[in-house]
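Predicted model, so just to flag it, every value in this text is computed and none were measured. Naming convention: chains lettered A, B, ... in sequence-line order (proteins, then strands); numbering from 1 in each chain.
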Amino acid sequence: MKKFDLPQLEDFPIESFQQDLIGWFTEEMRDLPWRKDQDPYKVWVSEIMLQQTRVDTVIPYFNRFIEQFPTIEALATADEEKVLKAWEGLGYYSRVRNLQAAVQEVHETYGGVVPNTPEEISRLKGVGPYTTGAVLSIAYGVPEPAVDGNVMRVISRVLSIWDDIAKPSSRKIFEQAIRELISHKNPSYFNQALMELGALVCTPTSPSCLLCPVREHCHAFHEGVTSELPVKTKKKSTKRVRLASAILVDSSGKIVLHKRPSSGLLANLWEFPMAEVNAFSTPREDLVRFIQEHYSEQVELEKVQLDKIEHIFSHLVWEVDVFVGTISGSIKEPGARFVTADELEGDYALPVSHQKMWKSFKAERK
DNA sequence: AAATCGGGGAG
DNA sequence: CTCCCAGATTT
C-alpha cells in the first residue's frame with residue numbers, strides 16, 4: 001500500500017506548510033462572533049448557517065439566533081415557528097429544521113452534550129462530511145478534514161489537482177489530502193486557516209498570490225496556472241415558472257396566509273395564496289379559479305394588478321403576477337389562516353419573494 | 001451521479 | 001449576465 005495517493009505529497013514540506021498557514025491565520029483571522037469561544041453548540045450553529053452562505057450575511061443572523069436560543073436546551077424546547085422566523089431570509093430552510101431535530105436528539109440522547117466522534121456526530125440530521133469535520137476540529141480539536149468550497153479551491157491550487165470539484169467523488173481526494181496535511185497539534189486553526197485563506201486571499205478570481213503565506217508551497221503559483229484552477233464544470237440553466245398570487249383582505253382587514261407543505265421548496269414557510277399559471281390562460285383567470293376552488297367563491301380581485309415580481313432561486317425562476325383582492329365566506333383550505341398586518345410581520349416566516357409582495361402592498365396602500 | 005434546496009454579493 | 005458562497009439530502 002502506497003503512503004500517498006497524491007504524488008504531489010511525496011516531497012511536500014508538510015510541517016513548513018502548516019506553520020506558514022497557521023502563523024498567518026493567528027495574525028490575520030477576522031474577529032467573528034462564533035470565534036469568541038469554542039462552545040460546540042455555537043460552533044455547530046455557525047457551521048450550519050455558513051453552508052452556501054457568506055460570512056457577512058450570517059453575522060447578524062447568528063447574533064440574533066444565539067441571543068434567542070443561547071443553548072442546546074433553549075433550541076431543543078423552542079417553538080418551531082419561532083425558530084423558522086429566526087431563519088427567515090437566510091434560505092435553505094431545511095437546514096434549521098434539521099438543526100432543531102438534531103439538537104433535540106443531542107438534548108435527549110446525549111444529555112445535551114454534542115458528541116465528539118465522527119460516527120456519532122455525522123449521524124445527526126443535517127450534519128454531513130464538512131460539518132462533521134468542522135465541529136470536531138474547531139470545538140474539540142479532533143484532526144478531521146473539513147472540506148468545503150474554499151478548501152477545494154485552495155488545495156487544488158497548492159497541490160495542482162485537476163479533478164473536477166463539481167463532481168461528488170472529488171471531495172474524497174481532497175479529504176485524503178487534508179488527512180495528510182492537517183496539523184495534529186492545532187487542527188482547529190489548520191482547518192479554519194484554509195477556509196480563511198480561500199475567503200480572503202486565494203479567491204475564485206484574481207487571487208492575491210503576492211499576499212499569500214503559502215505561495216512558496218503552491219504548485220499552481222510556480223506553474224503559473226492559478227487562474228485555471230480549480231476545474232469546475234458549470235451547471236445547466238434554470239427553469240422558469242409562471243405564478244399568480246393575491247393578497248386577500250377580509251372585512252376586518254385581516255390577510256389570508258397559507259402554510260406551505262412540510263417538504264420541498266420553502267417547506268413550512270407561510271405565503272399569500274398562489275397558483276401556477278397555465279401556458280394557455282391568463283394569470284388572473286387561473287388565480288381566481290384557484291382561489292374559488294381552495295378558499296372561497298366570494299372573492300373579488302382589484303382591476304389593476306399590484307405588481308409583477310421575478311424571484312431567482314438556484315435551480316428555477318419564479319415569475320409572479322401579484323394581485324390584491326377582498327374575500328369573504330368560510331375558507332376551505334385547512335392550511336390557511338387570517339392574520340393582522342402586525343402578526344404577519346412578527347410571527348410568520350415568509351420567503352423573500354412574498355416579503356417583496358407585502359412591501360409592494362404596503363407601499364401602494366399608504 | 002444528478003437534482004433539489006435560497007438568497008445575495010461580486011465582477 | 002454568471003459565478004459562487006464554511007453543503008446536505010433526496011432521487
State whether A:Tyr61 and A:Arg64 meet the cation-pi test: NZ (Lys) or CZ (Arg) under 6.0 Å from the six-membered ring centroid, and within 45° of the perpendicular axis. yes
Counting the atoms with a prime plus P, OP1 and OP2 as sugar-phosphate, which does A:Ser94 contact under 4.0 Å by heavy atoms, base, sugar-phosphate, or nothing? nothing
Hey, which sits more toward the 5' end of DNA chain B by its nearest nucleotide, A:Ile312 or A:Ser169? A:Ser169
Answer yes or no: does a side-chain N or O of A:His311 lie under 4.0 Å from OP1 or OP2 of B:dG6? no
Can you see if the side chain of A:Thr57 gets near the phosphate of B:dG7 - specifically, an N or O under 4.0 Å from OP1 or OP2? no
Rounding to the closest angstrom, what is the interatomic distance between C:dA8 and B:dG8 at atom P? 22 Å
With nearest nucleotides of DNA chain B determined for A:Leu316 and A:Thr205 from heavy-atom distances, which residue corresponds to the more 5′ nucleotide? A:Leu316
Before accepting this row, confirm whether a basic side-chain N of the pair A:Glu293/A:Arg289 lies closer than 4.0 Å to the acidic partner's carboxylate O. no
A:Arg95 side-chain N/O to A:Leu90 backbone N/O, donor-acceptor pair under 3.5 Å: yes
Just to confirm, is there a sub-4.0 Å distance from OP1 or OP2 of B:dA3 to any side-chain nitrogen or oxygen of A:His315? no
Side-chain contact test, heavy atoms from C-beta onward, threshold under 4.5 Å: evaluate it for A:Glu196 versus A:Glu28 and give yes or no. no
When rounded to whole Å, the CG to C1' distance for the pair A:Asp56 and C:dC4 reads 15 Å
Distance-only donor-acceptor test (3.5 Å): side chain A:Ser206, base B:dG11: no
Does A:Lys125 come within less than 4.0 Å of A:Glu105, counting only side-chain N to carboxylate O? no
In whole Å, I'd like the distance from the CE atom of A:Met195 to the P atom of C:dC5. 13 Å
Check every strand shown and say whether A:Lys125 touches a base, only sugar-phosphate, or nothing at a heavy-atom separation below 4.0 Å. sugar-phosphate
Compare side-chain N and O positions of A:Arg95 against OP1 and OP2 of B:dG6 and report whether any pair is under 4.0 Å apart. no
What is the distance, to the nearest angstrom, from the CD1 atom on A:Ile48 to the P atom on C:dC5? 18 Å
Of A:Trp34, A:Phe69, A:Trp87, the residue whose pairing with A:Phe62 passes ring-ring contact (aromatic ring centres under 6.0 Å, His included): A:Trp34
Base, sugar-phosphate, or nothing for A:Val151, non-hydrogen atoms under 4.0 angstrom? nothing
Give A:Thr131 one of three labels, base, sugar-phosphate or nothing, depending on what nucleic acid heavy atoms sit under 4.0 Å from its own. sugar-phosphate
Is the side chain of A:His354 donor-acceptor paired with the backbone N or O of A:Phe272 at a distance under 3.5 Å, no angle test? yes
Under 4.0 Å, heavy atoms only, any strand: does A:Trp34 hit a base, just the sugar-phosphate, or nothing? base
Partner set under side chain to side chain donor-acceptor pair (under 3.5 Å) for A:Gln298, not counting sequence neighbours: A:Ser328
Considering every strand and a 4.0 Å limit on heavy-atom distances, what is the contact class for A:Thr53: base, sugar-phosphate, or nothing? base
Option passing side chain to side chain contact (heavy atoms under 4.5 Å, CB included) with A:Thr131 (candidates A:Ile48, A:Asp148, A:Leu136): A:Ile48
Strictly below 4.0 Å: does A:Tyr93 bring a side-chain N or O up to OP1 or OP2 of B:dG7? yes
Let's see if you get this right: which residues in residues 256-276 of chain A place a heavy atom under 4.0 Å from DNA chain B? A:Gly264, A:Leu265, A:Leu266
Within this structure, what is the CZ-to-P distance between A:Phe313 and C:dT2, rounded to whole angstrom? 18 Å
Please state whether the base of C:dG7 and the side chain of A:Tyr130 form at least one donor-acceptor pair under 3.5 Å? no
In whole angstroms, how far is the C1' atom of B:dC5 from the CE atom of A:Met49? 17 Å
Given atom CZ of A:Arg123 and atom P of C:dT9, what is their separation to the nearest angstrom? 13 Å
In whole angstroms, the gap separating P of C:dA8 from CG of A:Leu50 amounts to 12 Å
Gap between atoms CZ and P, on A:Arg97 and B:dC5 respectively (whole Å): 12 Å
Is there a side-chain contact between A:Gln52 and the phosphate of C:dG7, meaning an N or O under 4.0 Å from OP1 or OP2? yes
